[in-house]
Novice: 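Would you mind keeping the following structure in view while I ask a few things?
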Amino acid sequence: MIEINELTKVFGANRAVDNVTFSVEPGEIMGFLGPNGAGKSTTLNILTGYLSATSGNCKVNGVDILENPIEAKRQIGFLPEQPPLYMDMTVKEYLRFVYDLKGCRLPRDQHIREKCDVVKIGDVYDRIIGNLSKGYKQRVGIAQALIGDPPVLIFDEPTVGLDPKQIIEIRNLIRVLGQKHTIILSTHILPEVQAVCDRIVVINKGKLVANEKTENLVTAVDGSRKLIAKIVGREEDVLKVLRNVPGVKSVDVLGKRDTDSVSYLIESEDRVDIRKPLFYALSASGNMPLIGLEGMELSLEDIFIRLVSENRKAARGTKGGKS
Amino acid sequence: MFAIYKRELRSYFITPLGYIFCGMFLLVSGILFYRTTLAAQSTESLSEYFLYLLMMFAVLIPLLTMRLLADDRRSKTEQLLMTAPVSITGMVMGKYLAALTIYGCTFLVNAFNFVLLYLYGTPNTAAILANILGVFLIGAAFVAVGLFLSSLTQSQLIAAVSSIGVIVAMLLIRFVNTYIPYAWLRSVLQWFSVLDRFVPFSNQSLSIPSIVYYASLAALFVFLTVRVYDKRRWA
């Protein structure tokens with residue numbers, strides 16, 4: 001459905017996108033993951049025809065965006081990083097404008113109403129966009145992308161700046177849309193892609209780092225567990241006990257939050273679950289009640305470090321002729 | 001293209017910009033008309049009126065064009081237009097025609113001033129029509145200049161001020177050119193001197209070369225605007 005082939009974009013001395021190749025199958029929801037400034041938006045802007053590539057090409061539904069831009073753009077609904085809204089128009093006027101702009105040939109008002117219902121903006125239909133809240137503006141932006149029922153939807157960081165409830169709503173919406181459309185969802189939040197996407201493409205500093213099924217990527221990076229434990233008791237005694245638990249790699253003191261308990265960051269060896277031994281060790285000591293235990297989410301930086309080191313390991317393996 | 005044209009036209013009247021343009025145009029032009037023609041009791045001074053009108057364009061037309069592309073760039077709605085199934089030429093033309101429509105309609109309304117003349121005497125119809133056509137075409141070229149400068153910046157203010165500067169310069173070339181000592185520079189500048197091409201119109205004749213000149217001046221700046229967008233995609 002979408003093919004990106006050896007795409008490179010150079011801004012002056014800066015290679016924003018460096019030889020990136022991937023493709024998206026019809027009906028797939030693809031997560032496009034990378035830290036800020038990784039080249040996500042640039043890639044998507046090239047794919048949607050807003051920018052031109054320095055080299056390489058993009059095809060949407062078999063149509064090259066450079067050779068036949070109008071036809072390719074017709075296949076895409078695009079929500080850029082900043083929703084492209086005219087603040088002085090009402091939602092109705094704006095969506096009608098988008099409808100005309102895309103040259104749609106559907107029953108107009110009914111089609112627009114339908115899209116408004118999908119993103120739940122029916123109640124602000126006649127209000128001026130500039131006066132809407134951030135969440136509503138974002139949804140008007142999504143409605144804009146949906147107008148004309150394009151087979152491909154591209155969302156560039158659609159949940160940035162929304163409150164947690166709105167984030168969940170937007171994620172659910174994207175999941176529903178995924179039943180009918182091919183979607184690229186760009187984000188720098190890992191749980192977001194885990195929750196919604198079938199496959200994840202990771203880029204960092206313009207380079208492709210990973211292109212995997214979601215499950216594979218998550219297990220690949222999930223080997224090491226970091227736990228935050230809140231334990232009551234004297235710091236030195238607790239540390240001594242913790243360090244003796246089998247499988248523990250390191251323990252750091254995070255600080256006192258309450259009067260009598262201390263938080264510890266415990267890192268375990270690869271692929272070892274230390275939660276049970278930890279519990280038994282503490283209860284055996286008799287006076288160190290565990291009052292809180294949570295897993296720590298891997299940050300994107302952790303993922304990159306892991307992915308890059310896995311790549312190196314794999315590369316070394318090939319050199320040694322083992323694989 | 002038609003969608004962009006329609007939206008642009010509407011937005012002139014959602015914001016006060018369209019009203020300010022029309023109001024100022026008709027007010028200033030009315031006063032000029034009264035001072036130069038009605039009060040003077042003669043149509044001989046028509047050229048003077050049209051010259052003043054052109055000077056007024058230098059301020060008013062940038063007001064009309066400053067928002068066209070600069071605002072889309074600032075508010076990122078440009079991204080919507082550029083990723084929609086519309087060609088860049090279509091987008092630029094939609095914007096140009098919208099500004100041209102507002103300008104043209106106001107100009108047309110303004111032309112009713114001349115009807116007054118017929119109530120009081122028998123003015124020189126040929127002179128009036130030739131002048132109207134000439135001034136209209138110059139204004140249309142100025143709209144293209146304003147459009148072009150609006151594509152170069154995110155700031156409406158910079159677009160407006162630079163447009164005023166360029167338009168004033170184009171008007172002044174005729175008066176300044178004689179002081180330039182280099183013949184080649186004179187002839188280059190002459191090419192942009194809109195007033196030089198206006199002489200035949202004030203002599204009551206339709207000059208085809210002048211009409212072609214004004215039309216191509218407008219086309220040149222519209223074309224340059226399209227190039228700005230093309231170039232930016234590759235930057």
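Every chain is numbered from 1 and lettered A, B, ... according to where its sequence line falls, protein lines coming before strand lines. Remember, it's a predicted structure, so these values are computed and weren't measured experimentally.
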Novice: So does B:Met24 have more than 12 non-hydrogen atoms from other groups sitting under 6.0 Å from CE?
Specialist: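 No, CE of B:Met24 has 12 or fewer neighbouring heavy atoms, counting only those of other groups under 6.0 Å.
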Novice: Suppose we screen for ring pair (Phe, Tyr, Trp, His ring centres under 6.0 Å). Which residues come up paired with A:Tyr50, at least two apart in sequence or across chains?
Specialist: none
Novice: Are B:Arg7 and A:Glu93 ion-paired here, with the side-chain N under 4.0 Å from a carboxylate O?
Specialist: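 Salt bridge absent between B:Arg7 and A:Glu93.
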Novice: Around B:Arg10, counting heavy atoms of other residues, nucleotides and ligands shown, do more than 12 lie under 6.0 Å from its CZ?
Specialist: no
Novice: Kindly check if the number of other-residue, nucleotide or ligand heavy atoms within 6.0 Å of CZ (B:Phe13) is above 12?
Specialist: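 Enclosed.
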Novice: Pick one of side chain, backbone, both or neither for A:Gln144, based on which atoms fall under 4.5 Å of a heavy atom in chain B.
Specialist: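 The side chain, not the backbone.
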Novice: Select one option (side chain, backbone, both, neither) describing which atoms of B:Ile14 are under 4.5 Å from chain A's heavy atoms.
Specialist: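 Interface part for B:Ile14: side chain.
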Novice: Kindly indicate, with the supporting measurements, whether the criterion side-chain contact (heavy atoms from CB on, under 4.5 Å) is fulfilled by B:Thr83 and A:Ile76.
Specialist: CA-CA 8 Å; B:Thr83 56; A:Ile76 301 176; over 6 Å; no
Novice: When you compare the side chain of A:Ile70 with that of B:Val86, does any pair of heavy atoms fall below 4.5 Å?
Specialist: no
Novice: Can you establish whether the number of heavy atoms outside B:Tyr52 located under 6.0 Å from its atom OH is more than 12?
Specialist: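 No, OH of B:Tyr52 has 12 or fewer neighbouring heavy atoms, counting only those of other groups under 6.0 Å.
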Novice: Donor-acceptor pair, distance only, cut-off 3.5 Å: does the side chain of A:Lys73 make one with the backbone of B:Ser87?
Specialist: no
Novice: Please classify the contact of B:Asp72 with chain A as side chain, backbone, both or neither, using a heavy-atom distance under 4.5 Å.
Specialist: side chain
Novice: Taking atom NZ of A:Lys102 as the centre, does the number of heavy atoms from other residues, nucleotides or ligands within less than 6.0 Å exceed 12?
Specialist: yes
Novice: Above 12 or not: heavy atoms from other molecules or residues under 6.0 Å from CZ of B:Phe223?
Specialist: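 It does not: B:Phe223 CZ has 12 such atoms or fewer within range.
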Novice: Of all heavy-atom pairs between B:Thr77 and A:Leu85, which one has the smallest distance, and what is that distance?
Specialist: CG2-O, 3.3 Å
Novice: Between B:Ala3 and A:Asp100, what is the shortest heavy-atom contact and its length?
Specialist: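 What the structure gives for the nearest pair is CB-CB, 3.4 Å.
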Novice: Between B:Met1, B:Gln79, B:Lys76, which residue shows the highest count of heavy-atom pairs closer than 4.5 Å to chain A?
Specialist: B:Gln79
Novice: What is the minimum heavy-atom distance between B:Leu80 and A:Pro84, and which atoms define it?
Specialist: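 Looking at all heavy atoms of both residues, the closest pair is CB-CB, 3.6 Å.
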Novice: Counting only non-hydrogen atoms closer than 4.5 Å, does A:Ala145 touch chain B with its backbone (N, CA, C, O), its side chain (CB onward), both, or neither?
Specialist: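 Looking at A:Ala145, nothing touches chain B.
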Novice: Evaluate whether atom CZ of A:Arg175 has more than 12 neighbouring non-hydrogen atoms of other residues, nucleotides or ligands under 6.0 angstrom away.
Specialist: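 Atom CZ in A:Arg175 is crowded, with more than 12 foreign heavy atoms closer than 6.0 Å.
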Novice: At a heavy-atom separation under 4.5 Å, does A:Phe97 approach chain B through its side chain, its backbone, both, or neither?
Specialist: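 A:Phe97 touches chain B through backbone and side-chain heavy atoms alike.
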